[in-house]
Amino acid sequence: MVAAIVLAVPALVLAATTQQLVTRATGTWAMTCVASAGNQTCDRAATTRLPFALHAVISPASGEETNLITQALRGGATPTGGLSPGAFVAALGVFAVFGALSIGTWLFFRFRPKTEAA
């Protein structure tokens with residue numbers, strides 16, 4: 001995320017060339033850059049020292065930069081199957097307790113004895 005901010009801050013990339021950005025990406029952030037006909041694509045996988053993956057697309061492939069797209073992804077796998085059974089039961093329990101407390105509070109105020117006005 002820090003790399004995305006550093007690469008995307010307009011003051012830092014104002015009038016920057018594609019080569020300057022590629023040099024910064026490969027040097028400072030240890031990214032691997034590949035040139036194509038229209039842009040430079042730079043990537044870096046998450047490491048133990050820096051636990052986030054980086055992706056940057058710099059356009060055009062050479063000359064003054066006109067477009068910069070950055071993305072930083074926190075390392076580690078995101079569960080695709082949703083919550084584990086234990087986490088689901090815990091979440092369901094929290095919702096059940098919240099519901100019971102909400103209904104109990106409503107019942108208390110709904111059926112409390114009337115007090116005489118002073």
Could you go through residues 30-42 and list every donor-acceptor pair under 3.5 Å that involves a side-chain atom there, pairing it with any protein atom two or more places apart or in another chain?
unit_1	atom_1	unit_2	atom_2	d
Ser36	OG	Asn39	N	3.3
Ser36	OG	Asn39	O	3.2
Ser36	OG	Asn39	OD1	3.0
Asn39	OD1	Thr41	OG1	3.4

### Query
When rounded to the nearest 0.5 angstrom, what is the spacing between CG in Leu21 and CD in Glu64?
10.5 Å

### Message
Ignoring hydrogens, what is the shortest heavy-atom contact between Pro60 and Thr18? Give both atom names and the distance.
### Response
O-OG1, 2.9 Å

### Message
Could you measure the distance from the CZ atom of Arg110 to the CD1 atom of Ile103? Nearest 0.5 Å is fine.
### Response
14.5 Å

### Query
Between Thr26 and Thr23, is there a donor-acceptor pair closer than 3.5 Å when you use the side chain of the first and the backbone of the second?
yes

